[in-house]
Amino acid sequence: MTVTEVYQALRPSVVLIKASGGGEGADSGTGFIINADGTILTAHHVIEGAKNIQISYADGSETTAQVASSSPAQDIATLTPAKLPETVVPAVLGGGSAVGDDVVAIGNPLGLTATTTSGVVSGLERTLARDRGGDIAGLIQFDAAVNPGSSGGPLINTQGQVVGVVVALANPTDAGTFIGIGFAVPIGAALGGGEGDGQAPPL
């Protein structure tokens, strides 16, 4: 599939998440629908400590959501929305990745909804240190551009399958902008909740 075709296939599944009430103002991030009951998969740090979670669907409708499960160590969470969009389109979840595979990231960086970027898998089994919660291991490294607000979004292969959940970018400065290194939790680890940790610097 082309990047355009991947975007068209996945866009109905991707949501904007706004989390507030956690004491530091509102955070925005990304999530995506993973099954027919509307369950949304995202990064834990997007909704961490939030008292209110608002979801905006691709069709423009909005709803509140509650945390259904979370793994701070893996930096993964699932949300249960109060209402579903008129048409629920779950993302197709894929398998493993290889270095050099073409990938597409869809997210809401800096509030720019449904931003789509493309790149390749740059490395596998990466370990990322973070200030709290311990390191996270087994990550996919990729170079499709992501920025604050992209966290929780899908990393997608050219078959239109989600292979990972975007959780972090690497930047040696405090700027928090993309320099060509992003990280995603592999979809198998995200769904299985195995060992690991996540984040740093937060998206």
Side-chain angles (χ1 to χ4, degrees), residues 1-19 27-47 53-71 74-97 101-119 121 140 142 144-147 149-167 182 184-193 203:
M1 296 171 71
T2 65
V3 174
T4 300
E5 290 168 337
V6 170
Y7 169 79
Q8 291 171 341
L10 269 291
R11 176 64 186 106
S13 306
V14 178
V15 303
L16 170 66
I17 299 172
K18 290 186 179 178
D27 272 336
S28 66
T30 307
F32 55 99
I33 300 169
I34 59 169
N35 59 30
D37 67 7
T39 298
I40 293 165
L41 185 62
T42 188
H44 174 264
H45 71 261
V46 171
I47 52 83
I53 301 172
Q54 190 80 17
I55 303 296
S56 297
Y57 293 114
D59 65 5
S61 62
E62 297 185 347
T63 185
T64 58
Q66 300 291 327
V67 176
S69 66
S70 66
S71 172
Q74 193 76 14
D75 201 12
I76 291 296
T78 60
L79 308 177
T80 301
K83 294 181 182 178
L84 300 180
E86 187 170 323
T87 303
V88 177
V89 183
V92 176
L93 308 181
S97 298
D101 283 355
D102 291 325
V103 286
V104 175
I106 303 176
N108 305 301
L110 308 176
L112 300 169
T113 57
T115 294
T116 305
T117 58
S118 63
V121 172
I140 300 169
F142 62 92
V146 289
N147 278 291
S150 297
S151 263
L155 187 70
I156 312 146
N157 65 19
T158 52
Q159 284 74 53
Q161 301 167 331
V162 176
V163 295
V165 182
V166 175
V167 293
V185 175
I187 192 65
L191 297 176
L203 292 183

>> Please report the interatomic distance CG(L93) to CD(Q161), rounded to the nearest 0.5 Å.
In response: 9.0 Å
> Tell me, do L79 and V67 make a side-chain contact under 4.5 Å, heavy atoms counted?
Replying inline: yes
>> So T87 and D59, do their side chains get closer than 4.5 Å, heavy atoms only?
In response: no
> What heavy-atom pair brings S150 and P109 nearest, and what distance separates the two atoms?
Replying inline: OG-CB, 3.4 Å
> Out of curiosity, I55 CD1 to K18 NZ, how far, rounded to the nearest 0.5 Å?
Replying inline: 11.0 Å
>> To the nearest 0.5 Å, what is the distance between CD on E62 and OG1 on T64?
In response: 10.5 Å
>> Could you report the tightest heavy-atom contact between A91 and F32, atom names first, then the distance?
In response: CB-CD1, 4.0 Å
>> Can you give me the closest heavy-atom contact between A144 and A105, atom names plus distance?
In response: CB-CB, 4.3 Å
> Taking the side chain as C-beta and beyond, is there a heavy-atom pair between L16 and T30 under 4.5 Å?
Replying inline: no
> Should N157 and S97 count as side-chain neighbours, where that means a heavy-atom distance under 4.5 Å?
Replying inline: no
>> Among L191, V185, T42, exactly one meets side-chain contact (heavy atoms from CB on, under 4.5 Å) together with I76. Which residue is that?
In response: V185
>> Rounded to the nearest 0.5 Å, what separates atom CG in N108 from atom CD1 in I17?
In response: 8.5 Å
> Is there side-chain contact between I106 and I156, with heavy atoms separated by less than 4.5 Å?
Replying inline: yes
> Which pair of non-hydrogen atoms, one from V46 and one from G29, has the smallest distance, and what is that distance?
Replying inline: CG1-CA, 3.9 Å
> Distance from I47 atom CD1 to D27 atom CG, nearest 0.5 Å?
Replying inline: 10.5 Å
> Quick one: are Y57 and P81 in side-chain contact, heavy atoms under 4.5 Å?
Replying inline: yes
> If you look at every heavy atom in H44 and S70, which pair is closest and at what distance?
Replying inline: CD2-CB, 3.5 Å
> Could you walk me through whether L110 and T115 pass the side chain to side chain contact (heavy atoms under 4.5 Å, CB included) check?
Replying inline: CA-CA 10 Å; L110 308 176; T115 294; over 6 Å; no
>> Given I40, which partner from the list I53, T78, I33, N35 fulfils the side-chain contact (heavy atoms from CB on, under 4.5 Å) test?
In response: I33
> Which heavy atom of A189 sits nearest a heavy atom of Q74, and at what distance?
Replying inline: CB-NE2, 3.3 Å
> Quick one: does F142's side chain get under 4.5 Å of T117's, heavy atoms only?
Replying inline: no
> Do H45 and S151 have side chains that get closer than 4.5 Å, going by heavy atoms?
Replying inline: yes
>> Taking side-chain contact (heavy atoms from CB on, under 4.5 Å) as the criterion, tell me which of L155, I140, L41, I34 meets it with I187.
In response: L41
